[in-house]
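Below is one structure; the comments refer to it alone.
Just the heavy atoms: all of them, side chains too, but no hydrogens, waters or symmetry mates, feed the values below.
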Amino acid sequence: MKRRWSGAGALLCLFVFAAVASAQVTSSAIIQTRITGFRDIGASFKNIRDELNSGRPNVAHIRTAAVTIDGYAAHIPEWFPRGSQPPPRRAPSFFDMVMSWFSPDSRNTSVNLYESHAKPEIWSDAAGFRRATQNFQRESARMRQVAQAGDVTAIQAQYRRLAATCTSCHSAYREEIN
Amino acid sequence: VHQLSQRLPGGDKLSDSPSDARQSWVIWDLPVRLFHWLVVLLFIASWVTHELDLMSWHKLSGYSLLVCVLFRMVWGLIGSTTARFSSFVRGPKAVAAYLTSARAKHARVGHNPLGGWSVVVMLALLLLQCVLGLLTVDEFGVEAGPLASHVTFEVGRQIAGWHKAVFNVLLVVIAMHIAAVIFYLLVRRQNLVGPMISGRRRLSVPPDHELIVQSQARAALVFGVVVLFVYFLVVAL
């Protein structure tokens, strides 16, 4: 009898451990997914920027980038489930501070490092974050249409409008990195 | 090319009249002084414009800083005597001798052996900082340096990290530079800021070598070439 109880206890412990571990794995996996996605969005923005600054923009390249951005935009609501907050960070040491000088995203640029800078407001002000996401989705869809039409002046104007949705959302929902 | 040479006055004539003993010498020419104070202004301007997110002004300030640094590097090869690297870049022995015999009276004018190296380090860091800025990309992939189209988003972001790191290193080096100037003022009782404004320094003993001041036409020519070079770097590439 005693042995059976301890066996059940061990099994319970295992379940709890597995649940916690899998929750952590899911959380860090979704953080990786969204950071990779946002980096790809940034790279696509740069591609459009480079084309617009080249003097002779290749509209086909802009189109590809606009489709990429719009594709990711649809997924943003899935990227921030409850429990995917960045894990609490230990107080930075002097070494951390010096190392952070060498990275604009405080150690976040290296391809295999994924440190989330999501603010808690994403979850505490879910309605506001949803609105910010929808702004981005609306402008990225319009960007896709404008790129399809191919008028460079219109693309330029829409690019500025789309970029403005990035900066306004980041200032409200992403930690500023200094 | 026209050169203004300050010849060493006759020694016996100097000792005869004590009122003339502390003669004034041009130790920093106008281009060196303009360079120095423009770099002060542009460094502050670059800092402030970044903090206020005025990126087009930040870029303009950076290009101007690049012009100044490149000008100073050329002037270090063909400029006036005290501006030349050959006159102030000394080996480790000279630096050690300067540090150990710190109390001795130095008849030398221009950068001391240690200060000479700080000039080289600051110039190198400023040049590096300007070049990194040309390639830097922001977190959105929207704002970037004029040469950033030659690198990927990831590389541009890494360069942005170095741009930030070099800025912090520059702050440390500049703090050391200012500390050295204050040390000279308070401990050695020698004002280094005055000569960097007026260009002149009064000396009781004549300098240990002839000081040649190059013409301002030569400086203007070098400046023009450097401006064109930076213009093509930023606009044409």
(request) Measure B/T136 against the heavy atoms of chain A and call it side chain, backbone, both or neither at under 4.5 Å. (result) neither

(message) Tell me if the aromatic rings of B/W47 and B/F167 count as close, with their centers under 6.0 Å from one another.
(response) yes

(message) Would you say B/Y184 and B/N191 are linked by a side-chain donor-acceptor pair, where the criterion is simply a distance under 3.5 Å?
(response) no

(message) Is it the case that the side chain of A/R144 and the backbone of A/V67 share a donor-acceptor pair, with hydrogens and angles ignored and the cut-off at 3.5 Å?
(response) no

(request) Determine the option with the most heavy-atom pairs under 4.5 angstrom with chain B, choosing from A/N53, A/T167, A/I41. (result) A/T167

(message) Does any backbone or side-chain atom of A/Y159 lie under 4.5 Å from a heavy atom of chain B? Answer side chain, backbone, both or neither.
(response) side chain

(request) Could you tell me whether B/R33 and B/D29 make a salt bridge, using a distance below 4.0 angstrom between a side-chain N and a carboxylate O? (result) no

(request) Using a cut-off of under 4.5 Å on heavy-atom pairs, state which of A/A43, A/A163, A/G55, A/S54 scores highest against chain B. (result) A/A43

(request) Side chain from CB out, backbone as N, CA, C, O: work out which of these in B/V137 comes under 4.5 Å of a heavy atom of chain A, or both, or neither. (result) side chain

(message) Taking side chain as everything from C-beta outward and backbone as N, CA, C, O, which of these in A/S44 sits under 4.5 Å from a heavy atom of chain B? Side chain, backbone, both or neither.
(response) neither

(request) For the pair B/S80 (side chain) and B/Q214 (backbone), establish whether a donor and an acceptor sit closer than 3.5 Å, ignoring hydrogens and angles. (result) yes

